[in-house]
Amino acid sequence: MSRPVVTRFAPSPTGYLHIGGGRTALFNWLYARGRGGKFLLRIEDTDRERSTPEATAAILRGLTWLGLDWDGEPISQFARKDRHAEVAHQMLARNTAYKCFSTQEEIAAFRAEAEARGSYALFQSPWRDADPATHPDAPYVIRMRAPRTGETVIDDQVQGRVVIQNSSLDDMICLRSDGTPTYMLAVVVDDHDMGVTHVIRGDDHLNNAARQQMIYDAMGWEIPVWAHIPLIHGPDGKKLSKRHGATGVEEYQAMGYPAAGMRNYLTRLGWAHGDAEIFTTDEAVKMFDLSGIGRAPARLDFKKLENTCGHHISMMGDAALLHELTAFMAAAGLPALTEAQKHLLGRGLYTVKERAKTFHELLDKAHFMLTSRPIVADESAAKSLDTVSRGILKSLTPRLQNVSWTKDVLEPILNDVAAENGMGFGKLAAPLRAALAGRSATPSVFDMMLVIGQDETIARLNDASQ
RNA sequence: GGCCCGUUCGUCUAUCGGUUAGGACAUCUGGUUUUCAACCAGGCAAGAGGGGUUCGACUCCCCUACGGGCUGCCA
């Protein structure tokens, strides 16, 4: 293998980027990046009815969010239709393809008849060996002159050696009667012209590979390395569909999963490298290989996704975390953070990032930094603000005046107050949480006090003790 | 219908003829704790079924079952 590695992702722009497509793209990206190769993008927009520019934009957004950068400009398959037709005619000239004048009606009738007999037969064009002199002046398609005997062997890096009997394959149409290429022809021509060395795609294309390989052979082109990966299934083991909930990559962004965690999870879904579970993208790029890909479809497991994302959120640097959090809020349609909120978050992220699995959770746990006075205690927190505890808070505030605002100083003060009131620190912490955050579950009370500062702490305690 | 692919704990997986079948998530128990999360210790839990091959099969072969894919002038 002396050729530099070139992989590609070739989505149809008929909707958003599917989570399964995102993983396919990720595998291609990892493989190329790990080998100093190129990762190309091709938009398969030859179906003019269903392709839209909005879908293309959505797919690009999804890839960008996942952090999968591609080399060069995305290629439009539709724009290359003349080249596809050219190749079809070259096949004609090489006699590896022929003109077929059978109409769609004739073919449909043939199939209907076979079905009526309860059998199934491949359509065999009567024009395969017809004398050109007998060709009518009518529309025709260009069909591949496929071998009818022997076998085609797909040497697949994931599926192994797959043998397809040529007798089970018909003479596929390469160029339609309107002169446009079929998918089968277009992929091969594009992959060849783009210099694609490794085709890593869903195993729904495994059978297609045999047909495509015939085209490579017909043109005398070098066959790429095949790697057909299993599709992702829903938690119930069925093919992933809308009823499973989120299927679009962008939905995952809106659900608050960090891209790095998403990459990690998706990489591990159907691929393994020993016991490696939590790893950075750089590590994934170094470890990733085709031999680690499993052959069975993997199910999406949101619990594990969350766990993985939790690790990544706590691993992230504050600046990167704040940056991605901001992008997430915009994507999720949440109001943007004010400068003051950003400032406070920047100081206090350390108090929440180890306890959040998603950005939604992070925001929720960061409530004490994002809210402002007067703090409204929720139902659970309000219970700990009875008359007794209010009195204690009231007695506490003067002792917080004129002291150094460090944990070393604050800790003995709070411990003293707890002891003076004959309670453990835990008992005192409850009303403090209620006063400082309005919640009963919060980060450490010391951390909260340090993050919001002396004045704000005293103000909140005063508010609560009223 | 035909052809192709797949099947290890609930889930993701390791194992590439010889292991007490390992790890992670989830779950359960105990510990720690300033609530939550985290963390620590421990537990439960797997080779779809049936035939072969072999001294020995999760691993190789065949059959069955189940799941998936392809079988378009869709991609």
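Note on naming: letters A, B, ... go to the chains in the order of the sequence lines (proteins, then strands), and numbering restarts at 1 for each one. Everything quoted here is computed from the prediction, not taken from an experiment.
Side-chain contact check for A/T281 and A/R263: at least one donor-acceptor pair (N or O, by modelled atom type) lies under 3.5 Å. Residues A/D129 and A/Y98 bring no donor and acceptor atom of their side chains to less than 3.5 Å of each other. The closest side-chain donor-acceptor pair between A/D386 and A/S389 falls under 3.5 angstrom. In this structure, a donor-acceptor pair under 3.5 Å is absent between the side chains of A/Y257 and A/T308. With hydrogens and angles left out, the side-chain atoms of A/T442 and A/R433 include a donor and acceptor closer than 3.5 Å.
On the P atoms, B/C4 is 49 Å away from B/C40, given to the nearest whole Å. When the P atom is compared between B/G50 and B/U13, the two are found 25 Å apart, to the nearest whole Å. Distance noted for atom C1' between B/C44 and B/U11: 15 Å (whole Å). When the P atom is compared between B/U29 and B/U15, the two are found 34 Å apart, to the nearest whole Å. Remark: the separation of the P atoms in B/C16 and B/A21 is 14 Å, to the nearest Å. Atom C1' of B/A46 sits at a distance of 12 Å from the matching atom of B/U7, rounded to the whole Å. Going from the P atom of B/A57 to that of B/U20 covers 15 Å, rounded to whole Å. Taking atom C1' in both B/G68 and B/A48, the straight-line distance is 16 Å, to the nearest Å.
Taking the nucleotide of RNA chain B with the nearest heavy atom to each of A/L305 and A/A121, the more 5' of the two is matched to A/A121. Residue A/V158 is the one, among A/V158 and A/P443, whose nearest nucleotide of RNA chain B lies closer to the 5' end (criterion: closest heavy atom).
Within 4.0 Å (heavy atoms only), A/R299 reaches sugar-phosphate atoms of the nucleic acid but no base atom. Using a 4.0 Å heavy-atom cutoff across all strands shown, A/V162 reaches sugar-phosphate atoms only and no base atom. Contacts of A/E306 with the nucleic acid, taken as non-hydrogen atoms under 4.0 Å apart, are absent. A/L206 comes within 4.0 angstrom of the backbone, heavy atoms only, and of no base. Contacts of A/Q159 with the nucleic acid, taken as non-hydrogen atoms under 4.0 Å apart, involve only primed sugar atoms and P, OP1 or OP2. Across all strands, A/A272 comes closer than 4.0 Å only to sugar-phosphate atoms, never to a base (heavy-atom distances). No engagement by A/V352 is indicated, since no non-hydrogen atom pair under 4.0 Å with the nucleic acid exists. Contact annotation for A/H205: base contact, defined as any heavy-atom pair under 4.0 Å involving a base atom. Base contact: A/N208 has a heavy atom under 4.0 Å from a base atom. Heavy atoms of A/S102 sit under 4.0 angstrom from at least one base atom. As judged by a 4.0 angstrom heavy-atom cut-off over every strand, A/G270 is placed among residues touching the sugar-phosphate backbone only.
In this structure, A/R128 and A/D171 have side chains that are in contact, with non-hydrogen atoms separated by less than 4.5 Å. Within the 4.5 Å cutoff, side-chain heavy atoms of A/I452 are placed close to those of A/R460. A 4.5 Å side-chain heavy-atom check between A/E456 and A/L436 finds every atom pair outside the cut-off.
Pair assignment for B/C58: none, as no Watson-Crick or G-U wobble contacts are both less than 3.5 Å. Checking B/C39 for Watson-Crick or G-U wobble geometry (two distances, each under 3.5 Å) identifies B/G31 as its partner. Across every strand in view, B/A24 sits in a pair with B/U11 that passes the Watson-Crick or G-U test at under 3.5 angstrom.
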Give me the distances for all protein-to-nucleotides 62-67 of chain B N/O pairs that come in under 3.5 Å?
none

Under 3.5 Å, which protein N or O atoms sit close to an N or O of nucleotides 20-22 of chain B? Give each pair with its distance.
residue	atom	partner	partner atom	Å
B/G22	N2	A/D275	OD1	3.4

Polar atoms only, N or O, under 3.5 Å: list the protein pairs with nucleotides 38-47 of chain B and their distances.
residue	atom	partner	partner atom	Å
B/A38	OP1	A/K357	NZ	3.4

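One atom, CD1 of A/I154, and another, C1' of B/G69, lie 15 Å apart when rounded to the nearest Å. The distance between atom NZ of A/K303 and atom C1' of B/A26, rounded to the nearest whole Å, is 8 Å. Spacing between atom NE2 of A/H84 and atom C1' of B/C73 amounts to 16 Å, rounded to whole angstrom units. Atom CG of A/L122 and atom P of B/C73 are 12 Å apart (whole Å). As rounded to whole Å, 14 Å separates atom P of B/C12 from atom CZ of A/F302. At whole-Å resolution of the value, CH2 in A/W127 and P in B/C73 are 18 Å apart. B/U34 atom P lies 9 Å from atom CG of A/N415, rounded to whole Å. One can place CG of A/D447 at 14 Å from P of B/U35, the figure rounded to the nearest angstrom.
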Determine all donor-acceptor pairs shorter than 3.5 Å in which one atom belongs to a side chain in residues 54-62 of chain A; sequence neighbours excluded.
residue	atom	partner	partner atom	Å
A/T56	OG1	A/T52	O	3.4
A/R61	NE	A/E250	OE2	2.7
A/R61	NH2	A/E250	OE1	3.2

Which donor-acceptor pairs under 3.5 Å do side chains of residues 146-153 of chain A form with protein atoms, sequence neighbours excluded?
residue	atom	partner	partner atom	Å
A/E151	OE1	A/Q165	NE2	3.3
A/T152	OG1	A/N166	OD1	2.5

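Note on A/T442: every side-chain N or O is 4.0 Å or more away from OP1 and OP2 of B/C36.
In this structure, A/R439 fails the cation-pi test against A/F368, since its NZ or CZ atom is not both closer than 6.0 Å to the six-membered ring centre and inside 45 degrees of the ring normal. A/Y350 does not carry A/K353 over the face of its six-membered ring by the limits of under 6.0 Å from the centre and within 45° of the normal. Within the cation-pi definition used here (under 6.0 Å to the ring centroid, within 45° of the axis), A/R23 qualifies as a partner of A/F27.
Counting atom types as modelled, A/K304 pairs no side-chain N or O with a base atom of B/A26 as donor and acceptor under 3.5 Å. Within 3.5 Å, no donor on the side chain of A/R439 pairs with an acceptor on the base of B/U35, nor the reverse. One cannot find a donor-acceptor pair under 3.5 Å joining the base of B/C73 and the side-chain atoms of A/T182.
When each of B/G6, B/C73, B/C3 is scored by its nearest atom to the side-chain atoms of A/S177, the top-ranked nucleotide is B/C73. Nearest to the side-chain atoms of A/D204 among the listed nucleotides B/G69, B/A14, B/U71 stands B/G69. In the set B/C73, B/C12, B/A75, the nucleotide with an atom closest to the side chain of A/R268 is B/C12. Checked against B/A14, B/C74, B/U71, the side chain of A/D47 finds its nearest nucleotide in B/C74.
With sequence neighbours left out, the ring pair (Phe, Tyr, Trp, His ring centres under 6.0 Å) criterion links A/Y216 to no other residue.
More than 12 heavy atoms of other residues, nucleotides or ligands sit less than 6.0 Å from atom CD of A/E420.
For A/F101 and A/W127, the ring centers are positioned less than 6.0 Å apart.
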